[in-house]
Amino acid sequence: MSSNSSNEKYLPYAADAEVSLTAEELLVLQRQYEREFPRVRIQTKFNYAWGLIKSSTKREQQLGVRLMQEIYQEHAERQRECMYYLAIGHYKLGEYASARVFVEQLLALEPENAQAKCLRKLIDDRVSHEGLIGLALSGGALALVGIAAAAFFRRSK
Amino acid sequence: MRRKSVERETESSSFENATQGFIVGLINRVIFRTSNTLINRLLNPRLLKPNKRLAPLTLPPPALGTAPSLLSGFTTFLDHSPTDEPRQTAEEFDAMLKATPASVVPEVLMERRDEYSEYLRTLESERADVVRRLNDVDARILRAVAERRDIEGRIAALAADPGSPEASPLVDAGRATVEDAEDAAYEQDDVPRLRRLQHVFAGHYGGVTGLAYDAVAGLVASGSLDTHVRVWDAESGACKYTINGHGDAVRGVQFYERFLLTASDDSRIRMWDLSLLDSVQPRGGSDLGTTPPMTPTMCRRVAPLDLCCESTFTGHGDAVTCFQAEAGTLISGSADRTVREWDLTTGQLRQAIDLTWAAKDPARSVRAGRRPRGALSLPGRAGDAGFVGALQFYDCALATGTADGALRLWDLRTGQAHRQMFSHSMAITSLMFDDQSVATGSLDGTVLLWDLRTGQVRQTLEFEGPVTSVQLNRQRGPAYDAACWIAASDHRITHYRSNAMQRVAYASDFGLLNHSMRHDHTDAWVSRIYCRDEDTLISGDSEGVVKLWKV
């Protein structure tokens, strides 16, 4: 079965999440979701959640992650897929720790999944990238603060 | 200390994010080596909530791939959304409007108006597309007509030469020639001839790809690679209508009630109302030779032919290769690796079955007795499993033959294949079943007769060339007996009885008056046969000639 899941049509690569839907398409999905409220079908909910995660505004991504979370909790048979989508959602939001947790869980269950491995690599790269930037900036900030403090104390002395 | 904190606050927010990212990175790199659960508790406050999502999963969730992916439903839905007409009809909308409270009514009306303007916009763009394609086709027709005149001129010049045989021009449209079985110019083979050739319908200039016969109305329909569909009268032999409603080669035709369904490589299936066609083409079929080359396209708003098109089923992404309509349901298979089920009365899509997903499940397959030639049919080559070569359905049971040589039986209610039978080594080109057995013909030159209940191959027939068409008919009688007609890419049609296991090959390449003048043996091979009752057989060949036989 694992060969099934590494099919690109089954789980999208993370790059697919960067391409957002047009406003009209998202509106269609939203209307479909609202029409079926409160007992929404899983496919409708997933369509809407995935469409939201793909968008570029933070608010919509958060809403999408929340909906995907609900699918994860309600439908046990879809949990593996939801783990992957939740990982992508958290990755886009910037919560790399949660994203990492989900990807590790998925890889523990499906070690051969190409998309999950790729996503884990992406998360690691992004984390170390931001880590380096943070390191440089905080080093520079500390240096500035140190110079300012030294200047202040020298003046006061 | 206070100044430090004040200064830190005045930095930009990206710095804060960066430091947070840095801390996360540090902890990620240091502590991840030990355990994940520590991170869960330390870092993200949301994770501290006693969420079900981090409780140890009591049962491992089912593996990926046991059900169609959610993503496939997403992409299918998106492909549909822009071009749909507004879902509710006018009456439903009025009823709904009466039920809504007055404060919401203007919004609802505006929504409805927006839906219609969206729909109009898509129609406009489709229309612009179609007009462009019509212009292209006009240009091509102009060129073809010019070439034809050129060739005719050359032939006439040759005919002026004394001593050359009578060189008749290319086959005329719509003329039927009834040929007696004893044709002097036909070289005698030891291959017997098909009993009685009744009519020869010539008029297509591309190979015949689809045939249908309506015994009640006495009509024969043929679709061909030249993108035309012709409807012939079975008694008189004349061409009743010519339908050029497709932009690409026609792959299949079928009569259904008073309609004619045609499917083509341009990924559309169109349903034509035959009673309306009478009023559109009273002359009995237009001929390409008399099409006026200078049709002013400015005047062409809606071709009257389109008025006869009752509905068009769009939605396939690629060429439609086979279809069948029965009892209000239309099932079509396509090169875009899906099988779609449509409702004939409303024209809506009921479900789309993605074949590539179902193909990669070796656990459920039944290995039939005959080992396939070569190792090509193993499920590893799953990419071809989507291309549907032939299908047939009865009630909610569907049988498909695909390009990987697998015969699959599906249940339409669940959309799952409950059986896969691998025995062909190359793509299946045609398939037909009755209540007890399935006959499949494939490019590897074999026809297999399967038993539906056990899933095993009962009989194997081998031919020299790829099998293009198979028809299976249940014979009347106490024991089970089936008669098959097989076309295998030469000019012979083979008849096979399953009880007696006897096969007889009939030659079919005679009947055209002027063909014997052109070559001794025609190169045309039979591409399609159609036989649903015991006494009428229709065959179409690769030159575009359709023949009606009484057997």
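Below, chain A is the first sequence line, B the second, and so on; all start at residue 1. Excluded from the calculations below are hydrogen atoms, water molecules and symmetry mates; all remaining heavy atoms, backbone and side chain alike, are included.
- Judged as a side-chain contact (heavy atoms from CB on, under 4.5 Å), and not counting sequence neighbours, B:S125 has no contacts.
- Every residue meeting the salt bridge (charged side-chain N to carboxylate O under 4.0 Å, His left out) condition with B:R350, not counting sequence neighbours, appears here in chain and number order: B:E341, B:D343.
- From A:Y10, atom OH reaches atom CG of B:D354 across 11.0 Å, with rounding to the nearest 0.5 Å.
- Neither the backbone nor the side chain of A:R126 comes within contact range of chain B; no heavy atoms are under 4.5 Å apart.
- Taking CG of B:L70 as the reference point, atom CH2 of A:W50 lies at 11.5 Å (rounded to 0.5 Å).
- Heavy atoms of A:Y85 lying under 4.5 Å from chain B belong exclusively to its side chain.
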